[in-house]
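What follows is a single structure, written as structure tokens, with notes after it.
For ligands, and for the atoms within them, numbers begin at 1 and follow the listed sequence.
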Amino acid sequence: VRVCVALYMSAPHIDPPLKRPLQIFAFDPMRGLDARNVITIDVENEPLSPGPQGARVRVVDYDGKEQRYLHPVDLDDPAILMTEGLPPSESDPRFHQQMVYAVTMKVLENFDRALGRRIDFRGKPLLLVPHAFHGTNAYYIPALKGIVFGYFPADSEDPGENVPGQPVFTCLSHDIIAHEVTHALVHRLRQHSLEATNQDVLAFHEGFADIVAIFQHFTFASILRDAIRESRGDLSAHTALAELAAQFGYATGGNGALRSAIDAPDPTGYRTVLEPHARGSILVGAVFEGFFRLYQSRIADLVRLATGGSGVLPPGELPHDLVERLADEAARAAQTVLTMCIRAFEYLPPLDITFGDFLRAMITADRDLLAEEGTEQRRMMIDAFRRRGIYPSGVTSLSEGALCWPPSTVGLNLGDSVGQRIAEVLLRGAEEYGQRRIFQRATAANAAPALQQWAKANAAVLGLSTDVPIEAQGFHATYRVAPSGRLAVEIVAQFVQQQPETEDDPSYGGLRFRGGTTVVATADGVVRFVIAKPLASVDRRNAQLEFVAACDADDPALSFAGDDYFKDRIARLNFRGLHEGNAG
Ligand SMILES: [Zn+2]
């Protein structure tokens, strides 16, 4: 008896599972509840209050049209835990809350993984309001640090696949959720990324948000199977996958835009298209083509095996096993591309981002971590950008070596005066990385004075101006595992400078002229890259003024609008403006 009691007393502790499975609609509710439209995704398991409200995401279901709060779902309810979340339902708002939470958590996971650190919203969770208003769109509101989703009745004349008048919920679209959350994350990582200082800034926001939405969707292998089965006989055709991407409904103009972007990329588009969504779709087309070529090269051996070396598949259905393997490869290639695109962020300048900067950052980040293992994917990406005429300014060729940011050779060391702060930021990063905990952001704030002093002392090498204050806007450690198993640790700091008086100068349209530098250093503080947009650059200043002039020439409102409009006409270009009327 004593033995039994002892055993009972020492019942082993059971760790909570790392993942929480939750059901979502794979496409959108119009497809119904058949198995293809319902998938279960795993998100990080964290303690949740009803809402759901977790450490980084807070769902508040206030129905703005009805002016009332809807009952919040409790995802820790045992009945819900046993069924992988609530089953998909258009009519149960608690499922809507679950879906926005699950998809948002998945986007965060993809950013965490690629960046090698845990992204939070500076201590305050991202707010998600699934039934915020009556309308056909959804958008991120920077001041609210939140995303509001609209709902609307289907068209009574032309309802498509809906019943006329039936409500359509933007919060039930994976791609709309992922797109808007990406806007919030890009803004979190680059706080000046909403300032249209060149023609690419807002287009990059839009294109990048679509890229995350599409490629996150493609990482769910089960949804790729049908598209791959239907593409049978011609696995070299990207039609099926591009079609699938377009069907997600959110991708860049829908209806074949993506397909034609791949079939016949127009190299003049990058020079002539200015509207941010259309321009962003050029970026999406480039990345999609890079993905497709990578997928093709990864399945080449499978196709040879399946065809006895001829490359020509026998008539009839593709064998089930082959479809499964192809879908897995497509999902894996999608994860590669998604990670590659997000990882670029550590190597982007703090502001005034162009597509060319993005290409250079992506190639540098990938080569830094993967070395030769990534040669193929980098070559395909470079080629896809080249076919669209996306050349970074100031590079002599589009070879990988020329595209990478030049390594810093002046032997600068962050550790000289920032040493203690580096130790703190490494420790904090390591604990977040290892234990998935959120720490107070005190360390980064503590480090600011030392960083600013250091930047001032080294201004010339960093592309900063000594006569204008330097603001340290970010300081963190990243932890990534290289293919060799090596843990790659880096310190990244961002510095920004501005000329406040330019805000009142009408030729800047209400924005300030800013400059800034991203510094990437080793864990020992040795500076490896200095990625600068100098405040002192006359070319940059002229380019910004020319961009404002081009916007003015294109702005029909300018001749009628009053002084208020004129004063901040460029500062006004943001998501709300972009998204009005087009659910973009
Ligand atoms: Zn958008």
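- His205 lies apart from the Zn ion (ligand 1) in this respect, since none of its N, O or S atoms is found at a distance under 2.8 Å.
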Item to complete: Evaluate the criterion salt bridge (Lys or Arg N to Asp or Glu O under 4.0 Å) for residue pair Glu195 and Arg512; output intermediate values, then yes/no.
Response: CA-CA 9 Å; Glu195 298 177 0; Arg512 294 171 179 197; over 6 Å; no
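- Side-chain contact, Glu206 with His179: a donor N or O sits under 3.5 Å from an acceptor N or O.
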Worksheet item: Checking ring pair (Phe, Tyr, Trp, His ring centres under 6.0 Å) for the pair His187/Tyr140: CA distance, chi angles, key distance, verdict?
Response: CA-CA 10 Å; His187 188 229; Tyr140 164 60; 5.7 Å; yes
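- Legend: residues meeting side chain to side chain donor-acceptor pair (under 3.5 Å) with Lys19, ordered by chain and number and at least two apart, are Glu109.
- The atom of Glu206 nearest to the Zn ion (ligand 1) is OE1, with the search restricted to N, O or S atoms.
- Restricting His183 to its N, O or S atoms, the one at the least distance from the Zn ion (ligand 1) is NE2.
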